[in-house]
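Notes follow once the structure below has been shown.
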Amino acid sequence: MAELQEVQITEEKPLLPGQTPEAAKEAELAARILLDQRQTHSVETPYGSVTFTVYGTPKPKRPAILTYHDVGLNYKSCFQPLFQFGDMQEIIQNFVRVHVDAPGMEEGAPVFPLGYQYPSLDQLADMIPCILQYLNFSTIIGVGVGAGAYILSRYALTHPDTVEGLVLINIDPNAKGWMDWAAHKLTGLTSSIPEMILGHLFSQEELSRNSELIQKYRNIVMHAPNLENIELYWNSYNNRRDLNFERGGEITLKCPVMLVVGDQAPHEDAVVECNSKLDPTQTSFLKMADSGGQPQLTQPGKLTEAFKYFLQGMGYMASSCMTRLSRSRTASLTSAASVDGNRSRSRTLSQSSESGTLPSGPPGHTMEVSC
């Protein structure tokens, strides 16, 4: 593979007439502060109120990045380390972001009254059109983790024309089978709800090591003031329906998809199975080494770079500078043919842990990347 060379592009930004360098810096700082300002909104839907936070301003002819968090977390605890990462700033300056909090998961949310009927995951997906209508946004690129990945997938199945792309981390598209239910019930006899949610978020190895990150998130889940609400979201997730993805069938995601999972993560097998059911011409599969159960928390740099490549493959940010492209690397590229209904090709790219990039490939390839 030919070595990629770094191309230095200098963008001229002349000062306004009479503007001093100091004034220009102050103007740039003011623009950054304005960009970082957030606005939190709530909108009523047929299934109750939903809260979401908007960062930035809409960009012409560009979709909004819409995120949806996993059980036990809210948008800040799930996505803040990723979107505050240094290299991610280039992305967020080019897209408006909408961070959705599942009902009752936002900061300061009151506890739902006893007997409250929490929305199903399908109904949570049906709230998204109300958000987009309120904001007058026509299309999105969805980024979801766990339950949030399922919700965004369900939304994309029912509103395919409004979804330009999906980044799905730790998605499990399958309903719980009888064996899963039995195991869940047995676990419930010996483990508390917070302990089961932590086992959903992180691997047993991570929980045993009890790193500083695990201690932080254990404290978030164990001492959540809205724990009753979290349990309702957890129950909805465990009662999810099967998405019924079928490669070559009518029920599939029509947009480009990047599947992400950590090596040895709790949902690794589910994500691998999901990859086998999606259209290989539209799907990229990123398996991240040393990232545990929450890659967006433990490896924000690698995930940011993969996200940039994903956006480039969709035709956005073509001039983006990839910081790691300036380094030489070795890679092993293997192409294999398979027959699954229609003939498709699968390509596996194995890279060193240092590089961790997701190249944009030609149509007709599923890219499985270990980084």
Side-chain angles (χ1 to χ4, degrees), residues 45 47-48 50-55 63-83 97-107 109 118-132 140-159 162-163 165-175 197-198 200-202 217 220-221 224 226 229-241 243 245 253 255 257-262 265-267 270-271 274 286 293-298 300 303 307 310:
T45 78
Y47 308 104
V50 61
T51 300
F52 51 94
T53 303
V54 181
Y55 287 81
I65 294 176
L66 185 144
T67 72
Y68 216 116
H69 61 88
D70 203 354
V71 177
L73 308 174
N74 57 28
Y75 92 85
K76 285 186 177 180
S77 56
C78 189
F79 291 108
Q80 207 165 55
L82 176 64
F83 283 94
R97 289 144 50 210
V98 181
H99 297 288
V100 181
D101 278 318
M105 304 303 128
E106 66 275 14
E107 288 185 343
Y118 197 82
S120 67
L121 294 197
D122 290 10
Q123 291 170 335
L124 293 176
D126 288 339
M127 290 180 171
I128 295 177
C130 299
I131 297 173
L132 300 186
I140 65 168
I141 295 172
V143 182
V145 181
Y150 179 102
I151 290 166
L152 291 177
S153 298
R154 176 64 72 184
Y155 171 75
L157 289 176
T158 54
H159 300 82
T162 67
V163 182
L166 288 173
V167 178
L168 305 176
I169 303 170
N170 296 338
I171 184 172
D172 187 344
N174 303 315
I197 291 174
L198 286 168
H200 162 80
L201 295 173
F202 301 100
Y217 280 84
I220 288 174
V221 175
N226 60 337
N229 297 356
I230 293 174
E231 183 175 354
L232 294 175
Y233 188 21
W234 174 241
N235 291 337
S236 289
Y237 177 69
N238 287 314
N239 284 289
R240 66 190 179 277
R241 294 193 301 144
L243 288 175
F245 289 148
L253 297 173
C255 62
V257 178
M258 182 168 74
L259 300 175
V260 182
V261 71
H267 308 284
V271 179
C274 183
L286 179 65
Q294 300 293 310
Q296 80 282 3
L297 302 179
T298 58
L303 188 55
F307 191 26
F310 182 68

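Keep in mind it's a predicted model, so treat the numbers as computed, not measured.
Remark: Y237 engages H200 in a ring-ring contact (aromatic ring centres under 6.0 Å, His included) (not counting sequence neighbours). By the salt bridge (charged side-chain N to carboxylate O under 4.0 Å, His left out) test, D172 is found to be paired with R240, residues two or more places apart in sequence or in another chain being considered. Listed by chain and number, the residues in a side chain to side chain contact (heavy atoms under 4.5 Å, CB included) with S236 are Y118, L121 (sequence neighbours excluded). In this structure Y150 satisfies the ring-ring contact (aromatic ring centres under 6.0 Å, His included) test with no other residue, sequence neighbours excluded. Under the ring-ring contact (aromatic ring centres under 6.0 Å, His included) criterion, F83 pairs with H99, not counting sequence neighbours. For the ring-ring contact (aromatic ring centres under 6.0 Å, His included) test, residues two or more places apart in sequence or in another chain that qualify with Y155 are H159.
Counting heavy atoms from C-beta on, the side chains of I131 and V100 come closer than 4.5 Å. Residues L168 and M258 fail the side-chain proximity criterion, which asks for heavy atoms closer than 4.5 Å. Looking at heavy atoms from C-beta onward, L82 lies out of side-chain contact with F307 at the 4.5 angstrom threshold. Between Y55 and T53 the shortest side-chain heavy-atom distance falls below 4.5 Å. When side chains are defined from C-beta on, D126 does not count as touching T45, because their heavy atoms never get closer than 4.5 Å. I141 places none of its side-chain heavy atoms less than 4.5 Å from the side chain of V163.
Using modelled atom types, no side-chain atom of N226 and backbone atom of N229 make a donor-acceptor pair closer than 3.5 Å. Within the 3.5 Å criterion, the main-chain N or O of L201 finds a donor-acceptor partner in the side chain of Q294. Not a single donor-acceptor pair under 3.5 Å links the side chain of Q296 to the backbone N or O of P81. Judged by distance alone, the side chain of S77 and the main-chain N or O of L73 form no donor-acceptor pair under 3.5 Å. For the pair E106 (side chain) and G104 (backbone), a donor-acceptor distance under 3.5 Å is present. No donor-acceptor distance shorter than 3.5 angstrom exists from the side chain of N170 to the backbone of V145, with no hydrogens or angles considered.
In terms of heavy-atom proximity, A156 sits nearest to L253 at CB-CD2, 3.8 Å. The two residues C274 and P173 come nearest to each other via the heavy atoms CB-CG, 3.8 Å. Closest approach of H69 and A102 over heavy atoms only: NE2-N, 2.9 Å. Shown here for D70 and A147, the closest heavy-atom pair between the two residues is OD1-N, 3.0 Å. P103 and Y68 make their closest contact through CD-OH, 4.2 Å (heavy atoms, listed as atom of the first residue, atom of the second, distance). Here the shortest heavy-atom pairing between I220 and G72 reads CG2-O, 4.3 Å.
Rounded to the nearest 0.5 Å, atoms CD1 (I65) and CD1 (I140) are 10.5 Å apart. In this structure, CH2 in W234 is found 11.0 Å from CG in N239, a value given to the nearest 0.5 Å. Here E107 contributes atom CD and K76 contributes atom NZ; the two are 4.0 Å apart, rounded to the nearest 0.5 Å. Put simply, CD on E231 and CG on N238 are 10.5 Å apart, with the number rounded to the nearest 0.5 Å. The structure places OG of S120 at 7.5 Å from OH of Y47, a figure rounded to the nearest 0.5 Å. A distance of 8.5 Å separates CD1 in I171 from CG in L152, rounded to the nearest 0.5 Å.
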Could you please spell out the steps behind the side chain to side chain contact (heavy atoms under 4.5 Å, CB included) verdict for L259 and L286? CA-CA 6 Å; L259 300 175; L286 179 65; over 6 Å; no
Side chain to side chain contact (heavy atoms under 4.5 Å, CB included) for L166 and C255? Distances and angles first, verdict last. CA-CA 7 Å; L166 288 173; C255 62; 3.9 Å; yes
For side chain to side chain contact (heavy atoms under 4.5 Å, CB included), just list the numbers for F52 and D101, CA-CA rounded to whole Å, side-chain angles, deciding distance to a tenth of an Å, and then say yes or no. CA-CA 6 Å; F52 51 94; D101 278 318; over 6 Å; no
